[in-house]
> 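Below you will find the structure I want to go over with you.
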Amino acid sequence: MQLRASPHLHSGRDVPTIMRHVVYALLPVCAFSIWQYGLSSLALIVTVTLSCLFAERLSNKLSGTVNTLSDWSATITGVLLALTLPPAFPLWMGAVAGLTAVWLGKSLFGGLGHNPFNPALVGRAFVQAAFPTAITTWAPAFAPQRFTEFIPSSLTLPLMQPNDISAWVAANMVDGFTGATPLARWKFEQFVYPVEDMITGAASASTGETSALLLVVCGLYLIARKFMDWRIPVAVVGSALLLALAFRLFGGDEYPPVHLVLLSGGLMLGALFMATDMATSPVSPRAVWAYGAIIGTVTILIRYFGGLTEGVMYAILFGNALAPLLDKYLQPKVFGAHKK
Amino acid sequence: MDRPVYSEAGSAKGLSLLPAPPAHPPLVEGQHPSHGLASLFSSWRRGTFQRGVHPAPHKGTLDQPIKRMPFPRKLVLPLAQHIGKPSVPLVAVGEEVARGQLIARADGALSAPIHAPADGVIEAITPRPNTRGAWTDAIVLRVYEASTQEVRCGEPLDLDALDHTQLIAAIQQIGMVGLGGAAFPSHAKLNVPADKQVHTLIVNGCECEPYLTCDYKLMREWPAELLAGIRIALRASGATRAIIGVEDNKLDAMAAIRPHLSADGSITLQAVATKYPQGAEKMLIKSLLGLDVPNGGLPSQLGLVVHNVGTLALLGRLLPRGQGLIERVVTLAGPGIKKPGDYWIPFGTTLRSILDWAGDPDCKEREVILGGPMMGQAASTLDIPVSKGTSGILVFDKRMLEPITKQSWACIHCSECVNACPMGLNPSQLGMLSAKLEFDEMAEHYHLGDCFECGCCSYVCPSHIPLVQQFRAAKAFLRERKPT
Ligand code: SF4
Ligand code: SF4
């Protein structure tokens with residue numbers, strides 16, 4: 001006779017299933033970036049993911065816990081992190097990013113569920129500080145030789161400065177490539193990128209953030225399967241949109257047009273796949289809305305008034321830091337609470 | 001009140017929005033019986049509460065009628081089958097009793113008597129495992145092999161001749177208690193204190209627990225008795241109207257009840273969304289009337305009294321005949337049951353004799369659950385008898401238990417539990433506090449007392465954290481510590 005306390009049924013969902021589906025949803029994004037950037041992108045995604053898995057397994061061994069590779073969370077961290085890095089990022093730096101993401105971002109706090117910050121963003125923030133040049137060196141998409149040769153900087157020897165890619169860029173010249181992201185070009189030369197380029201992936205950007213459309217489709221899959229909390233992307237994008245509109249309408253032409261704000265700088269990737277990381281987002285409904293709105297707002301404020309052209313990453317880390325507080329002060333409304 | 005209401009009087013107003021349910025609609029599991037734009041609209045208008053979960057129904061034997069199980073050789077009748085004081089035996093060891101004979105009387109106002117479920121001889125009055133598995137005093141009855149199913153005891157009552165006090169006393173004398181699971185003496189619930197007033201009787205026909213079908217079949221087979229019971233309950237409680245709330249997947253039951261409704265519109269039938277825990281008192285009241293029972297409060301504060309359909313159907317059947325409550329409909333289901341279905345089972349029938357007759361002997365490492373799978377208790381021994389509060393006996397096998405118990409993870413803040421808790425609590429936070437043994441904090445700031453242990457949180461948690469199980473332990477700890 002077995003004895004258990006009720007309920008004796010379960011929905012059948014478990015952590016690995018949720019995480020696995022997030023990985024599935026990211027696969028088309030990876031495929032698109034490989035199509036755009038070729039071997040370099042493929043190698044970057046594989047390297048970063050493997051380094052995350054390695055870091056996770058080593059942590060398991062050192063702390064004597066069970067093997068947690070099977071929960072797929074390290075895989076998500078790896079893939080997401082790779083997608084936020086520039087395609088020409090040296091592979092050894094990618095590996096460093098992966099190791100720091102898992103160790104500094106997760107294992108240090110006790111593993112999945114205990115980490116206050118999104119591990120992928122911790123890794124990205126680390127390499128942003130450690131390798132400021134490499135992280136802002138963009139490569140052109142659709143280079144003719146992309147499936148047969150690496151972008152030279154990818155294969156930089158470990159601990160070396162990245163190889164110079166200007167000669168390679170010149171040789172592979174793609175029309176209109178300037179080596180600056182749409183947001184940076186707006187900031188420095190008031191150039192308005194056409195919407196089509198930002199959807200089809202022709203604009204320079206990180207590996208996985210070039211096609212806002214594809215990201216939305218993949219996000220919708222997760223939302224439809226209820227593997228993602230739709231309120232977070234809605235709140236992030238909604239608040240960013242409102243604020244950008246307000247600035248554009250009342251602040252005038254010195255502020256960028258709305259589509260630039262929404263479709264670039266990783267806003268979509270961040271809103272759909274980073275801010276929604278369950279472990280680092282709040283649980284109670286009002287806190288979830290507030291969390292999303294804070295991320296959207298802070299992103300815009302950083303972009304317009306801070307020194308950085310992007311800013312989603314710091315906005316999400318800021319939101320992560322606030323999540324426990326939001327949960328504490330915005331508890332769910334208890335049924336029947338309004339006592340007479 | 002502008003929700004769809006099925007009643008002859010109210011039909012002109014509310015019913016037009018709904019497709020008229022056919023007399024005997026086919027009920028295929030997993031398939032929503034209605035379709036089309038009209039049903040979309042009506043399901044949007046259908047009463048419901050916030051959050052909750054949708055477990056698979058597993059209601060497998062809907063097409064079969066209620067059947068009878070042969071008498072077992074021995075019946076074990078715990079003296080405490082109900083909430084309140086245990087009954088006092090009126091028989092001695094060795095005495096012969098007849099089916100329906102009073103064998104134990106009520107002890108005071110909050111208690112209920114017990115009647116003999118079969119002809120036989122009293123073998124012992126001795127401690128035996130009760131429904132909760134604890135050893136308490138019980139009457140052991142050896143059943144005569146020739147015992148008939150006919151009930152010869154009891155004298156028909158002229159209900160109209162009884163005044164209110166006599167009516168309440170008569171309800172107590174037949175040993176009626178809530179059959180939904182709580183086993184609270186019915187007469188006590190219907191006897192509204194003089195300083196309170198009850199205007200509406202809510203009849204709970206939701207049966208939201210998966211697997212269970214006993215209430216559904218009683219509604220379908222005994223609608224006249226149900227309505228008779230409702231009229232008795234209306235008189236006893238002083239309420240002026242009754243609303244029967246039925247989940248909208250039970251169209252058969254609604255179709256059976258509808259012809260019996262009063263012409264004056266005082267008794268109405270209302271469909272509510274099929275969702276767990278729709279059958280919880282507070283949720284049903286929210287769904288039917290849009291009212292929130294204040295936390296820590298009772299429905300009577302809102303002038304409401306809630307009774308289960310099974311209770312009222314048996315009340316309507318037994319009270320006019322003056323017969324005692326000696327058996328009930330019990331659902332037998334689950335992979336470890338070879339003869340699933342709903343059966344009239346006399347109280348005192350042990351799980352062992354039921355499983356010997358209906359169980360699958362090959363089912364190893366099984367779990368036997370008393371009640372529904374969401375809130376029911378696992379039986380610790382097969383010597384536990386069916387008592388007044390037992391609505392179902394489910395036998396689950398190893399395959400069903402393994403996935404949940406195999407592995408668990410830390411809380412990943414997925415917020416599924418928060419989005420499932422019908423009480424609007426934060427099970428995630430409560431779970432983390434209980435892991436740190438901060439029970440006082442749970443009670444003071446996180447409304448532990450409002451958790452009614454429906455189990456939705458544990459049901460959805462992808463980390464397989466035993467949330468409600470921990471909350472139960474925390475509550476028990478706080479109760480134990482409190483000086484009484
Ligand atoms: S068991 Fe308690 S905490 Fe869990 S869902 Fe039900 S009411 Fe909420
Ligand atoms: S369902 Fe489980 S994992 Fe998800 S928030 Fe609740 S306790 Fe945490």
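Proteins come first, then strands; the chains are lettered A, B, ... in the order of their sequence lines, and each starts at number 1. Basis for what follows: all heavy atoms, side chains included, without hydrogens, waters or symmetry-related copies.
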> Answer with side chain, backbone, both or neither: which region of B:Cys414 has an atom nearer than 4.5 Å to a non-hydrogen atom of chain A?
both
> Can a donor-acceptor pair be found, under 3.5 Å and without considering hydrogens, that links the side chain of A:His10 to the backbone of B:His464?
no
> For chain A, which of B:Pro422, B:Ala410, B:Pro55, B:Gly376 has the most heavy-atom pairs under 4.5 Å?
B:Gly376
> Mind ranking B:Gly372, B:Ala379, B:Pro466, B:Cys454 by heavy-atom pairs under 4.5 Å with chain A and telling me who comes out on top?
B:Ala379
> Is there a donor-acceptor pair closer than 3.5 Å between any side-chain N or O of B:Arg472 and the backbone N or O of A:Ser6?
yes
> Pair A:Thr280, B:His413 - check side chain to side chain contact (heavy atoms under 4.5 Å, CB included), show working.
CA-CA 7 Å; A:Thr280 55; B:His413 303 256; over 6 Å; no
> Treating A:Gln331 as the side-chain partner and B:Tyr446 as the backbone partner, does any N or O pair qualify as donor plus acceptor under 3.5 Å?
no
> Between B:Tyr276 and chain A, with a heavy-atom cut-off of 4.5 Å, which part of the residue counts as in contact: side chain, backbone, both or neither?
neither
> Can you tell me which portion of B:Ile369 sits under 4.5 Å from chain A's heavy atoms? Options are side chain, backbone, both or neither.
side chain
> Quick check for you: among B:Leu394, B:Asn419, B:Asn426, which has the greatest number of heavy-atom pairs under 4.5 Å with chain A?
B:Asn426
> Could you go through B:Asp450 and A:Phe335, starting from their C-alpha distance and side-chain angles, then the distance that decides it, and tell me whether this counts as side chain to side chain contact (heavy atoms under 4.5 Å, CB included)?
CA-CA 8 Å; B:Asp450 282 315; A:Phe335 182 92; over 6 Å; no
> Flag the one option from B:Gly297, B:Ser428, B:Pro210, B:Ser380 with the top tally of heavy-atom pairs under 4.5 Å to chain A.
B:Ser380
> Contact part of B:Glu416 toward chain A, heavy-atom cut-off under 4.5 Å: side chain, backbone, both or neither?
side chain
> Check whether B:Gln429 gets within reach of chain A through its side chain, its backbone, both or neither, counting any heavy atom under 4.5 Å.
side chain
> Using non-hydrogen atoms only, which part of A:Ile18 is less than 4.5 Å away from chain B: side chain, backbone, both, or neither?
side chain
> Counting only heavy atoms not in A:Phe126, do more than 12 sit closer than 6.0 Å to its CZ atom?
no
> I would like to know whether B:Ser463 and A:Arg13 meet side-chain hydrogen bond (donor to acceptor under 3.5 Å, both in side chains); could you show each step before the answer?
CA-CA 8 Å; B:Ser463 289; A:Arg13 283 214 167 181; over 6 Å; no
> Highest number of heavy-atom pairs under 4.5 Å with chain B: which of A:Ser11, A:Ala5, A:Pro16, A:Pro332?
A:Ser11
> Are side-chain heavy atoms of B:Pro462 and A:Thr17 found at a separation under 4.5 Å?
no
> Let me see the working for A:Asp14 and B:Trp409 under side chain to side chain contact (heavy atoms under 4.5 Å, CB included), right down to the final yes or no.
CA-CA 9 Å; A:Asp14 56 15; B:Trp409 294 266; 3.8 Å; yes
